[in-house]
Amino acid sequence: MEKQKNNILNKVLEFNSGRRAVLISFDVFCFSLTSAAYIITDFLVTKSSNLSLIAMIGFAVLQLTITMIARFLVGAYRFVWRYSSAGSYIFLTIADVIAGFICLVFSYLYGARGVIWQFVIIGAVDLIIVLSSRFVYSSVYKHSDSYRQSNDLEPVAVIGAGSIGSYLVEYLRNNPHSQYDPKFFIDNDPMKIGNTIEGLRIHNPIAGGNLIKSSGIKTVIVTIANDDSEYMLNLYNHYSEMGCKVRVYDSLVKSDDSSANAGKVRDFKIEDVLFRKPVKLSDEKTVNFYEGKTVLITGGGGSIGSELCRQVATCNTKKLVIFDIYENNAYDIQQELKYKYGDNLNLSVEIGSVRDLYRLDQVFNKYRPDVVFHAAAHKHVPLMEDCGAEAIKNNVVGTYNTADVAEKYGVKKFILISTDKAVNPTNIMGASKRVCEMIVQSRADSKTSFAAVRFGNVLGSNGSVVPLFKRQIEEGGPITITDKRIIRYFMTIPEASQLVLQAGAMAKSGELFVLDMGKPVKIYDLACSMIRLSGLVPDKDIKIEEIGLRPGEKLYEELLMANEDLSKTDNKLIFIERDKHFTRLEVFEKVDTLIRAANSGSNIREAMRQVVPTYHTPEEVNKHASESDEMKLVNNIA
């Protein structure tokens with residue numbers, strides 16, 4: 001294998017050397033031809049120079065030598081001229097100008113002023129010939145290459161005639177692996193309509209739409225840098241309804257992340273058409289807080305936990321510790337971070353359960369973390385309805401254990417990851433998370449700053465509806481939803497993680513942070529959008545079926561911002577809920593009640609009702625769902 005690689009490398013080097021030799025020979029030939037034409041004309045016809053033939057030839061050789069050296073110095077023979085840009089021509093011009101200037105200085109220093117015009121004319125004519133030859137070569141190559149591939153490429157319209165659109169067209173034409181042939185631009189800027197970019201005409205949306213239909217184009221590529229997801233959704237729906245597959249170009253110029261998709265044409269993602277503008281919460285102050293600290297993340301291999309690891313890894317921490325019971329997830333995020341940061345990130349992974357107090361003590365004693373993010377939890381509502389004792393053991397006892405060990409080893413900040421399902425819970429999972437919040441809030445007197453962060457559903461997390469719907473679409477449907485009326489609040493994984501980071505930086509004691517989640521989303525609308533994103537038609541290509549509410553499920557999650565006991569923070573989208581805190585003794589008694597219920601196998605729901613005053617059955621809540629502010633809000637939106 002190594003021998004084969006060496007052979008390939010040698011062939012590449014031989015090809016590059018051969019190409020460079022041909023180019024150098026061509027340039028020498030052009031210069032020689034130009035010099036010969038000038039010298040013959042001057043010596044035999046105009047006789048304007050008083051120099052001898054030998055002297056004129058000598059000065060020509062000198063100018064050639066200086067010019068070639070200058071071109072080598074600016075790297076003119078390393079350019080791939082078939083893909084040449086304006087910069088390549090500029091560098092070549094600079095090289096020849098510098099060479100000409102040196103020749104002129106030489107002529108003045110040695111009193112050979114009679115050769116000045118020889119230097120100027122030969123240099124100028126030669127530069128024009130060389131630039132023209134490279135331009136013609138590049139144009140012919142691109143045209144012939146486009147002609148050769150045109151039958152194999154799919155014609156596309158480019159939405160957005162700006163710098164990103166222009167960059168895309170150049171990228172598609174120069175990329176030998178491109179599968180698209182751009183035909184025209186569509187833009188609504190009156191100053192651009194009717195003009196051309198990269199040889200492609202710019203049409204207004206109406207004329208462009210008619211041209212799409214008449215020319216049979218089946219794909220459009222959006223290049224508009226717009227963070228308004230509602231606008232992007234309208235754009236997507238408009239061209240989807242015309243029967244087009246709508247794709248997005250993530251320009252390298254536009255991209256501000258390390259996404260693997262940066263600079264590539266990709267499919268629309270559900271995040272692109274999320275019914276709210278994604279919120280970016282982290283700031284320099286937040287990043288600086290974590291610098292130089294040891295950060296431990298329980299459940300660090302999960303959806304939220306792994307994204308927290310990615311975010312923390314950018315903060316120049318002293319050490320990052322991943323603690324998880326599931327070694328496969330922990331291994332995946334470990335390898336990802338090692339690959340990306342190498343030795344620049346001080347990373348450790350520990351396998352263990354938050355139920356195991358002894359194991360937690362070992363890990364905390366070993367690393368002495370400054371900050372702990374507690375993301376380890378069972379979160380699946382239907383499973384926890386059937387296995388309520390496990391929700392108590394993992395969520396409640398796990399949080400209690402981790403909080404105790406954090407206090408023992410002097411952790412500065414402890415941040416609990418909570419959920420909107422803890423608000424007036426109707427299921428065991430949500431109720432268990434509410435008890436976790438109580439544990440955190442009861443420790444306001446601790447030297448450790450405890451806080452909880454509560455947010456809604458996370459797009460793309462393990463077990464969420466997005467991966468489920470995607471899998472069902474890939475299998476040809478149907479998409480199954482529990483009820484067409486059901487609504488939820490959504491946010492992206494990076495959003496949720498950045499909120500947690502910022503809450504950790506600003507947390508003081510016993511606080512419950514709440515994010516303004518924006519507008520609620522109908523799960524049915526989400527399913528329809530995902531079907532359209534796949535280029536299909538809802539209820540035609542992919543059926544959507546109602547299967548009935550699952551145990552513990554309610555039609556809506558409570559509007560988190562409805563609580564009047566909310567205080568503002570420095571970030572207008574983050575609030576602190578100021579509800580009544582339970583004492584340590586009260587929380588200990590509640591946890592003890594739940595542990596006895598879990599160990600004895602007695603009625604878990606009865607124990608939850610006793611411990612969580614706001615716990616209700618889903619039937620009680622769903623009966624009056626249509627009267628809720630949340631359901632009224634989403635119906636008004638629709």
Side-chain angles (χ1 to χ4, degrees), residues 250 252 255-263 280-354 359-360 362-377 402 405-406 409-417 448-449 451 453 458 460-462 492-507:
D250 279 333
L252 288 170
S255 178
D256 58 0
D257 57 30
S258 56
S259 169
N261 286 327
K280 295 183 179 181
L281 299 166
S282 61
D283 52 24
E284 187 176 353
K285 182 179 178 182
T286 299
V287 172
N288 290 340
F289 172 78
Y290 297 100
E291 185 174 357
K293 291 183 172 62
T294 297
V295 180
L296 184 146
I297 302 174
T298 70
S303 303
I304 297 297
S306 61
E307 181 62 26
L308 277 172
C309 291
R310 295 183 189 98
Q311 301 276 354
V312 169
T314 66
C315 297
N316 195 27
T317 54
K318 177 181 178 182
K319 189 172 191 64
L320 172 60
V321 183
I322 299 173
F323 184 79
D324 203 299
I325 186 62
Y326 186 41
E327 72 275 17
N328 289 348
N329 281 350
Y331 176 80
D332 287 343
I333 187 62
Q334 178 195 46
Q335 295 306 304
E336 177 187 330
L337 294 177
K338 275 187 174 181
Y339 179 79
K340 185 171 183 179
Y341 296 100
D343 295 334
N344 294 324
L345 176 64
N346 188 0
L347 175 66
S348 292
V349 174
E350 297 286 347
I351 302 302
S353 171
V354 291
R359 178 63 177 142
L360 280 171
Q362 277 185 320
V363 172
F364 275 69
N365 184 39
K366 180 178 179 180
Y367 296 106
R368 304 292 175 126
D370 300 297
V371 180
V372 172
F373 291 105
H374 182 52
T402 311
V405 176
Y409 288 99
V411 170
K412 295 181 177 64
K413 299 273 181 119
F414 180 102
I415 312 300
L416 166 72
I417 311 302
T448 298
S449 295
V453 184
V458 179
S461 63
N462 295 329
T492 64
I493 292 177
E495 254 184 305
S497 300
Q498 289 175 39
L499 167 66
V500 173
L501 285 180
Q502 191 160 8
M506 66 173 65

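It should be emphasised that the depicted structure is a prediction, and the values quoted were computed from it without experimental measurement. Worth knowing before you read on, the calculation uses all heavy atoms, side chains too, and leaves out hydrogens, waters and symmetry mates.
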Legend entry - Under 3.5 Å donor-acceptor, T317 side chain and Y290 backbone: no

Legend entry - Rounded distance (nearest 0.5 Å) linking atom CG of L501 with atom CZ of F289: 10.0 Å

Inset, instruction - Measure the spacing between OG of S306 and CG of L337 and express it to the nearest 0.5 Å. - result: 9.0 Å

Inset, instruction - Drop me the distance from Q334's CD to I322's CD1, to the nearest 0.5 angstrom. - result: 7.0 Å

Legend entry - Backbone of G301 reached by a side-chain donor or acceptor of D324 within 3.5 Å: yes

Legend entry - Pairs meeting criterion salt bridge (Lys or Arg N to Asp or Glu O under 4.0 Å) with involvement of residues 286-311, two or more places apart: E307-R310, R310-E336

Inset, instruction - Mind listing the closest non-hydrogen atom pair of L345 and A313 along with its distance? - result: CD2-CB, 3.9 Å

Legend entry - Separation of N344 CG from N316 CG (nearest 0.5 Å): 9.5 Å

Inset, instruction - Measure the CG-OG1 distance between N346 and T294 for me, rounded to the nearest 0.5 Å. - result: 8.0 Å

Inset, instruction - Check whether any side-chain heavy atom of V287 sits under 4.5 Å from a side-chain heavy atom of T314, and report yes or no. - result: no

Legend entry - Shortest non-hydrogen contact between F414 and A406, atoms and distance: CD1-CB, 3.8 Å

Legend entry - Name of the residue among K319, Q362, E350 meeting side-chain hydrogen bond (donor to acceptor under 3.5 Å, both in side chains) with Y367: E350

Inset, instruction - Tell me, with the steps shown, if H374 and V354 meet side chain to side chain contact (heavy atoms under 4.5 Å, CB included). - result: CA-CA 9 Å; H374 182 52; V354 291; 3.9 Å; yes

Inset, instruction - Determine whether more than 12 heavy atoms belonging to other residues, nucleotides or ligands lie under 6.0 Å from atom CG of D343. - result: no

Inset, instruction - Could I get the full list of side chain to side chain donor-acceptor pair (under 3.5 Å) partners for K412, not counting sequence neighbours? - result: D370

Legend entry - L347 side chain reached by Y341 side chain, heavy atoms, under 4.5 Å: no

Inset, instruction - Give a yes or no on whether the backbone of I351 and the side-chain of R359 come within a donor-acceptor separation of less than 3.5 Å. - result: yes

Inset, instruction - Verify, without hydrogens or angle tests, whether T286 (side chain) and Q502 (backbone) share a donor-acceptor contact under 3.5 angstrom. - result: no

Legend entry - Residue pair V411, F364: steps toward the side chain to side chain contact (heavy atoms under 4.5 Å, CB included) verdict: CA-CA 9 Å; V411 170; F364 275 69; 3.9 Å; yes

Inset, instruction - Provide the closest heavy-atom pair for G299 versus A376 in the form atom of the first, atom of the second, distance. - result: N-CB, 3.7 Å

Inset, instruction - Could you go through the side chain to side chain contact (heavy atoms under 4.5 Å, CB included) check for F373 and I304 one step at a time? - result: CA-CA 10 Å; F373 291 105; I304 297 297; over 6 Å; no

Inset, instruction - Identify the two heavy atoms, one from K413 and one from A505, that lie closest to each other, and give their separation to 0.1 Å. - result: NZ-O, 3.2 Å

Inset, instruction - Show your reasoning for whether side chain to side chain contact (heavy atoms under 4.5 Å, CB included) applies to V371 and V312. - result: CA-CA 11 Å; V371 180; V312 169; over 6 Å; no

Legend entry - Least distance between heavy atoms, A330 atom then V349 atom: CB-CG1, 3.9 Å

Legend entry - Nearest-0.5 Å distance, CG of residue L360 to OH of residue Y409: 10.5 Å

